[in-house]
2 protein chains.
Amino acid sequence: MAREMVRQGGRSARIQSEVHRTVRDMLKTMDRGEITVPMIAEKSGVTPSTIYRRWGDLSELLADVAVARMRPVADPEDTGAMGSDLETFILQYAEEMSSKVGRSMLADVLGSMEGNAAGRCCQFTYDHLETLRERALSRGESGFDVSEAIDVVVAPIIYHILFGDRELTTDYCRSLVSSFLEKCAGA
Amino acid sequence: MAREMVRQGGRSARIQSEVHRTVRDMLKTMDRGEITVPMIAEKSGVTPSTIYRRWGDLSELLADVAVARMRPVADPEDTGAMGSDLETFILQYAEEMSSKVGRSMLADVLGSMEGNAAGRCCQFTYDHLETLRERALSRGESGFDVSEAIDVVVAPIIYHILFGDRELTTDYCRSLVSSFLEKCAGA
DNA sequence: CGGCTAACGCTAAAAATTTGCGTTAAGGTG
DNA sequence: CACCTTAACGCAAATTTTTAGCGTTAGCCG
């Protein structure tokens, strides 16, 4: 059979989760700059060559781990109304992404070129917003444009986290959301 | 004398410019992933240890080169009116940053932790916008809030470049600018 | 001009990465 | 269920990259 196959279960999967777990553990106690592939290999009981063959290099591995961590485990909380749904989600999003691990994940995701890690992880955000939009519509609310929400609310938050040019206060995030909601109402 | 000194002229400066030039040349013809410190050292006629001692590692060197490239050489063009000034500047900004070298510079700048490379380079953008604002005021126009311009216009552009989730067309950039100008007029 | 020392070059040692080859085990087939 | 194919792994040698010690060069200051 000429089809490309990717092993999903058994040893291969066990190694992947073991390596991922090791990386997450290491990121808790040490800086990203002092983590090396041989270290990860030893702590996870895998030979370095396996890691190199499977992920290519350290930055790709870190990106892979970061994307896996950002993958949502549940839908955003339902607070009963679109405005509060959006605010709750954005505040939590800003909180997570501006934390030390959040900034680290962002950097890792943006530092990889293979596998479109950045695209996949911003898709998570898009999907969450889409969920909120559909939820609003099913309540009879007017809904909102997801792309516009990203431009007006998400993009500034990410920008300030990445460039560190501004404190990301709760009030500021709230103002972004309310500014967006007003724009929706006006349109 | 106990004071820390940094050599500015002579050999040290010559080496810096030589290494920078070599890096810029290499980035034209090859991918960032295949550039190594020993390569740069050989092509620029410097020993690797000098590069390691001076810049620490490859990512710091690349960030240093990127910041130097992004440092503006002139003020943004004066088109005679605030709206067209802003549009001209943003279109050129989007063009430069979304190009291959632009994306590479962004990635390099965000991938370094020393020296606040990211902060310094977003300061360039801030300064340019501030120039446009002052120019508008001196013409008798109402001006605009620079931080708001960054949130509404610059941040979305950078976001879409980094995450690759959307085509960055001229029309789209123009719509961001006009949306911002309307917001200014309304406020 | 002469002293001081930051910054460089050279070299050897250490660490990381790549590569070849044999082995293990996942997943499909008869 | 036993067998076959081959993706994925482990091991170890070869290669490359990075670090560190030490002597030398050349800015900068008095």
Side-chain angles (χ1 to χ4, degrees), chain A residues 1-23 25-27 30-65 67-68 108 111-115, chain B residues 1-23 25-27 29-65 68 108 111-115:
Chain A
M1 187 173 286
R3 230 163 30 107
E4 284 283 318
M5 285 187 283
V6 177
R7 298 284 160 88
Q8 320 206 10
R11 182 171 64 170
S12 183
R14 188 166 53 252
I15 282 179
Q16 148 139 8
S17 72
E18 199 60 36
V19 169
H20 273 221
R21 192 186 57 69
T22 301
V23 171
D25 284 351
M26 294 179 74
L27 283 172
M30 49 200 304
D31 245 13
R32 202 155 40 73
E34 45 196 15
I35 295 179
T36 67
V37 171
M39 269 186 212
I40 299 169
E42 191 191 14
K43 283 182 193 279
S44 56
V46 173
T47 55
S49 62
T50 294
I51 294 181
Y52 286 118
R53 266 197 243 274
R54 186 152 173 182
W55 282 281
D57 61 14
L58 180 59
S59 65
E60 294 299 329
L61 169 56
L62 292 177
D64 191 44
V65 172
V67 171
D108 292 341
S112 101
M113 295 174 283
E114 317 280 332
Chain B
M1 186 172 286
R3 229 165 29 107
E4 284 283 318
M5 286 188 283
V6 178
R7 298 284 160 85
Q8 318 209 11
R11 182 171 63 170
S12 183
R14 186 165 56 253
I15 283 180
Q16 148 138 7
S17 72
E18 199 58 38
V19 169
H20 273 221
R21 193 185 57 69
T22 302
V23 171
D25 283 353
M26 293 179 75
L27 283 171
T29 57
M30 49 199 305
D31 246 12
R32 200 157 38 74
E34 45 196 15
I35 296 179
T36 67
V37 171
M39 271 186 211
I40 299 169
E42 192 191 14
K43 283 182 194 279
S44 56
V46 173
T47 55
S49 60
T50 293
I51 295 181
Y52 286 117
R53 264 197 248 275
R54 186 152 174 183
W55 283 280
D57 62 13
L58 180 60
S59 65
E60 294 299 329
L61 169 56
L62 292 177
D64 190 45
V65 173
D108 292 341
S112 102
M113 295 175 283
E114 317 280 332

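In what follows, chains are A, B, ... by sequence order, proteins preceding strands, each numbered from 1.
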Could you state the atom-to-atom distance from [atom1] of [X] to [atom2] of [N] in whole Å?
| X | N | atom1 | atom2 | value |
| --- | --- | --- | --- | --- |
| B:R54 | C:dA7 | CZ | P | 8 Å |
| A:L58 | D:dT17 | CG | C1' | 15 Å |
| A:D57 | C:dT17 | CG | P | 8 Å |
| B:L61 | D:dT18 | CG | P | 11 Å |
| A:M39 | C:dA16 | CE | P | 7 Å |
| B:R14 | C:dA6 | CZ | P | 20 Å |
| A:E34 | C:dA16 | CD | C1' | 17 Å |
| A:R11 | D:dG10 | CZ | P | 6 Å |

From A:T47 OG1 over to A:I15 CD1, what is the distance, rounded to the nearest 0.5 angstrom?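 Answer for the OG1-CD1 pair, A:T47 versus A:I15, is 7.5 Å.
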
Contact check, side chains of [X] and [Y], non-hydrogen atoms, under 4.5 Å:
| X | Y | answer |
| --- | --- | --- |
| B:I40 | B:V19 | yes |
| B:T22 | B:M39 | no |
| B:V37 | B:L61 | no |

Spell out, as yes or no, whether a donor-acceptor pair under 3.5 Å connects the side chain of A:E60 to the backbone of A:Y52.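 Checking the backbone N and O of A:Y52 against the side chain of A:E60, no donor-acceptor pair under 3.5 Å is found.
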
Can you check whether B:S12 has a side-chain N or O nearer than 4.0 Å to OP1 or OP2 of C:dA7?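 False: B:S12 side-chain N/O out of range (4.0 Å or more) of C:dA7 OP1/OP2.
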
Quick one: is A:T50 getting a side-chain N or O under 4.0 Å of the D:dG10 phosphate, OP1 or OP2?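 So the side-chain polar atoms of A:T50 do come within 4.0 Å of the phosphate oxygens OP1 or OP2 of D:dG10, strictly under.
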
Donor-acceptor pair (no angle test) under 3.5 Å: A:S49 side chain, D:dC11 base: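 Yes.
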
Flag the pair A:K43 and A:D25 as a salt bridge only when some basic side-chain nitrogen lies within less than 4.0 angstrom of an acidic carboxylate oxygen.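 Answer for the salt bridge query: no.
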
A:E18 and A:S44: which non-hydrogen atoms are nearest, and at how many Å?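 Shortest heavy-atom separation between A:E18 and A:S44 comes out as CG-O, 3.5 Å.
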
Options D:dT25, D:dA20, D:dG21, nucleotide nearest the side-chain atoms of B:R53: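 Within the option list, the nearest is D:dG21.
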
Looking at the side chain of B:T47, which of C:dC10, D:dT17, D:dG27 is the nearest nucleotide?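 Within the option list, the nearest is C:dC10.
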
Show me the dot-bracket string of DNA chain C, counting Watson-Crick or G-U pairs under 3.5 Å, with | for pairs to another strand and [ ] for crossing ones. ||||||||||||||||||||||||||||||

